[in-house]
Participant: 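Before I ask anything, here is the structure I am working with.
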Amino acid sequence: MDKYKILFVCLGNICRSPAAHGVMQRLLEDEGLDAAVEVDSAGTYGGHQGQLPDHRMRRHASRRGYNLDHRSRPVTQSDFTAFDMIVAMDEANARDLKWMARTDITPKLVMMGDYLNPSTPHTYVPDPYYGGPEDFELALDLVEEACANLLTEIKNKL
Ligand code: 4NP
């Protein structure tokens, strides 16, 4: 059976999307679903290509038990066909993805914020890059919450 393929996208692919990638990978492994679902991440901006996640995100994630070792890469045209679901961290990411894609990606493009709990006072995952430690903690809180809810949806698709 073909794997269900999920791509997490942010701007630089060094903070939010590699965190989502690592968190989702862990959830899938914990549930024994890593053979059925593939996750990856990429950025709409390629300036950090080849880099490990930002050292602050790596440190905060490591305290929660995640080892983030993805190397940043830009989104490519083939991603728009290869992945079943493309998850944007914020509206700017979604707008950039729609602008980049030569096909209509609306059916597979979803917002990470749509998977947050209704009681959570955030509608997207804010960029922590220019922020402090609390911004990295918030990004991880939101990513963990959204990934758990996303996993519930994915299970229904398998
Ligand atoms: P990310 O954070 O999109 O969550 O990876 C950023 C990383 C780099 C930059 C901005 C946001 N930057 O301007 O270089």
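Counting starts at 1 for both ligands and their atoms, in listed order. Fair warning: this is a prediction, and the values are worked out from it, not measured in the lab. No hydrogens, no waters, no symmetry mates; every other heavy atom, side chains included, goes into these values.
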Participant: Tell me whether Q25 contacts the main-chain N or O of E38 through its side chain, where contact means a donor paired with an acceptor under 3.5 Å.
Facilitator: no

Participant: Got the closest protein heavy atom to atom 11 (C) of ligand 1, with its distance?
Facilitator: D127 OD2, 2.9 Å

Participant: Is there a polar contact between ligand 1 and C10, counting only N or O atoms under 3.5 Å apart?
Facilitator: no

Participant: Within a distance under 4.0 Å of any heavy atom of I14, pick out the atoms of ligand 1 and give their elements.
Facilitator: 5 (O), 7 (C), 8 (C)

Participant: Give me the residue, atom name and distance of the protein heavy atom closest to atom 14 (O) of ligand 1.
Facilitator: H48 NE2, 2.8 Å

Participant: Give the minimum heavy-atom separation between G131 and R56, together with the two atoms involved.
Facilitator: O-NH1, 3.8 Å

Participant: Go through it in stages, so that I can follow the logic: the residues are N93 and D96, the test is side-chain hydrogen bond (donor to acceptor under 3.5 Å, both in side chains), and I'd like the CA-CA distance, side-chain angles, deciding distance and then a yes or no.
Facilitator: CA-CA 5 Å; N93 305 147; D96 291 346; 5.3 Å; no

Participant: Answer yes or no: is there a donor N or O on one side and an acceptor on the other, between the side chain of D84 and the main chain of K5, under 3.5 Å?
Facilitator: yes

Participant: Looking only at atom types and distance, does a side-chain atom of H70 sit under 3.5 Å from a main-chain N or O of S41, one as donor and one as acceptor?
Facilitator: yes

Participant: C15 to ligand 1: N or O pair under 3.5 Å?
Facilitator: yes

Participant: How far is atom 12 (N) of ligand 1 from its nearest protein heavy atom, and which residue and atom name does that atom have?
Facilitator: Y129 CE2, 3.6 Å

Participant: Check whether any side-chain N or O of R73 sits under 3.5 Å from a backbone N or O of N13 as a donor-acceptor pair, and report yes or no.
Facilitator: no

Participant: Parallel, tilted or perpendicular, judged at 30° and 60°: which one describes the rings of H60 and F136?
Facilitator: parallel

Participant: Using distance alone, determine whether Y45 and ligand 1 share an N or O pair under 3.5 Å.
Facilitator: no

Participant: Using a heavy-atom cut-off of under 4.0 Å, does the side chain or the backbone of N13 touch ligand 1, or both, or neither?
Facilitator: backbone

Participant: Give the atoms of ligand 1, by number and element, whose distance to some non-hydrogen atom of L11 is under 4.0 Å.
Facilitator: 3 (O), 10 (C), 11 (C)

Participant: Looking only at protein heavy atoms, which one is nearest to atom 13 (O) of ligand 1, and how far off is it?
Facilitator: Y130 OH, 3.3 Å

Participant: Return yes or no for this condition: an N or O of S17 is under 3.5 Å from an N or O of ligand 1.
Facilitator: no

Participant: Please name the pair of heavy atoms, one in P18 and one in P53, separated by the smallest distance, quoted to 0.1 Å.
Facilitator: CB-CG, 3.8 Å

Participant: Using a strict cut-off of 4.0 Å, indicate which atoms of ligand 1 neighbour a heavy atom of R16.
Facilitator: 1 (P), 3 (O), 4 (O)

